[in-house]
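As structure tokens, the structure follows; a few thoughts come after it.
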Amino acid sequence: MKNLLQLVIIFVTFSAFTIGDEGVYTDVPNDSFYKGEQLTYKINFGIFSVGEAEMVIQDNFYRVNHRDCYKIDVYGKTTGMVDWVAKVDDHWGAYVDSAALVPHISYRNIKEGNYRKNEVIRFDHRSNQIEAKVKDKKTGEYKEPNYYYAPEDIRDMLAGYLYLRTMDFSKMKKGDEFTLSGFFEDTFYELDVVYKGTDKIKTKAGKFKAIKLVPIMPDNKLFDGEDSILVWISDDKNKIPLKIEAKMFIGSTGLELSDYKNLRNDLNKLD
């Protein structure tokens, strides 16, 4: 369950680099999402429902670093019998520039069994610096921060998720690859993704026309093979995640859309 929640966030929040306004910001055209959006997902392991997740863009803009920002929050938790033996209650969030779609502040409050982590990351896009602070479990105070040099307008997971939804897939051909880059925890990452064309997908929220993507996974001890993860996003202006399937060495897991509210555009829903 812990690994699946991280997979959900990490994949759907891949990002890219941009440069702009006085060498700092570039506006990213966006007609895919807006304030107030709510997406709800069911998480499964095999045939069993084990949890749920919610992604929310809050109703108001927030002012950070003299810039208007979206506040986006992601909640993931176990449900049912799984909650008794391996309780997970995670909260990820970020303040994302409403024009440039880069993060100014991001945070994670992780509760997974006995494991705890509270982290705050600040992005200074003028000095290309990232400051990461983690709370000491014993004292409850934040430790001395770690600093990282960042490429211009680097994105974290949640800013990358919003940026992904602005990408134009209509010009891609089946089999085309693109590379996604970003920053997570203390690591800069790159991942190649294959565009697999369009598909029709059924979820608990209905049937939809979808874009199918396959990230090429490096050798690891968690996922079974390079094409072990399949991702479907809505084939419309919203580009919301509809479904994720993952083949792990310990079994198959995934999530699917169960409800949605306040989308900016109509979903490409099939009868």
Side-chain angles (χ1 to χ4, degrees), residues 1-20 23-26 28 53 55-58 62-77 88-164 179-191 215 218 220 222:
M1 179 65 188
K2 170 183 174 181
N3 291 322
L4 177 58
L5 291 175
Q6 292 182 357
L7 163 66
V8 172
I9 302 300
I10 290 171
F11 182 81
V12 300
T13 61
F14 289 133
S15 61
F17 305 133
T18 55
I19 182 172
V24 178
Y25 300 106
T26 293
V28 177
M55 308 180 79
V56 179
I57 303 176
Q58 302 296 342
Y62 293 78
R63 198 74 174 170
V64 182
N65 294 335
H66 309 291
R67 305 274 296 185
D68 283 341
C69 293
Y70 294 110
K71 185 176 185 292
I72 178 170
D73 290 284
V74 178
Y75 307 91
K77 63 180 182 179
V88 171
D89 188 5
D90 290 351
H91 175 200
W92 304 45
Y95 294 87
V96 179
D97 196 281
S98 63
L101 299 185
V102 293
H104 292 282
I105 300 173
S106 65
Y107 50 89
R108 292 191 300 147
N109 300 315
I110 307 299
K111 299 178 182 178
E112 297 173 350
N114 294 323
Y115 178 77
R116 298 289 186 272
K117 185 168 187 177
N118 297 87
E119 175 188 63
V120 176
I121 299 177
R122 296 179 182 273
F123 297 81
D124 187 335
H125 298 283
R126 295 187 177 278
S127 64
N128 297 102
Q129 182 172 267
I130 297 173
E131 178 195 77
K133 296 193 299 184
V134 177
K135 186 176 289 187
D136 189 286
K137 297 177 183 178
K138 294 181 179 179
T139 67
E141 301 294 330
Y142 283 98
K143 303 175 184 178
E144 288 296 313
N146 292 318
Y147 294 94
Y148 306 89
Y149 173 78
E152 290 175 335
D153 285 5
I154 185 70
R155 291 185 171 88
D156 74 329
M157 301 294 99
L158 295 183
Y161 158 69
L162 295 181
Y163 182 85
L164 176 67
T179 301
L180 299 168
S181 308
F183 178 81
F184 174 67
E185 202 164 57
D186 59 359
T187 303
F188 295 91
Y189 65 86
E190 291 189 353
L191 187 68
N220 62 86
L222 183 60

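What you see below is based on every heavy atom in this structure, not just the backbone, and it leaves out hydrogens, waters and symmetry mates. Just so we're clear, the structure is a prediction, and the values are computed from it rather than from any experiment.
- For the side-chain contact (heavy atoms from CB on, under 4.5 Å) test, residues two or more places apart in sequence or in another chain that qualify with K117 are R108, I110, Y115, E119, V134, E185.
- The shortest distance between side-chain heavy atoms of Y161 and V74 does not fall below 4.5 Å.
- Taking CD of E112 as the reference point, atom CG of D89 lies at 9.5 Å (rounded to 0.5 Å).
- Rounding to the nearest 0.5 angstrom, the gap separating the CG atom in L158 from the CD1 atom in I57 is 10.0 Å.
- D186 is linked by a salt bridge (Lys or Arg N to Asp or Glu O under 4.0 Å) to nothing, counting only residues two or more places apart in sequence or in another chain.
- Taking CD from Q58 and OH from Y70, the interatomic distance works out to 13.5 Å, rounded to the nearest 0.5 Å.
- Under the rule for a salt bridge (Lys or Arg N to Asp or Glu O under 4.0 Å), D124 has no partner lying at least two apart in sequence or in another chain.
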Quiz: residues 141-148 side-chain donor-acceptor pairs under 3.5 angstrom, not counting sequence neighbours:
unit_1: Y147; atom_1: OH; unit_2: E131; atom_2: OE2; d: 3.1

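- Judged as a side-chain contact (heavy atoms from CB on, under 4.5 Å), and not counting sequence neighbours, the contacts of N109 are H91, Y107, N118.
- Under the side-chain hydrogen bond (donor to acceptor under 3.5 Å, both in side chains) criterion, D68 pairs with R63, sequence neighbours left out.
- Scanning for ring-ring contact (aromatic ring centres under 6.0 Å, His included) contacts around Y95 gives Y62, with sequence neighbours left out.
- For the pair R155 (side chain) and L101 (backbone), a donor-acceptor distance under 3.5 Å is present.
- For T187, the side-chain contact (heavy atoms from CB on, under 4.5 Å) criterion is met by no residue, not counting sequence neighbours.
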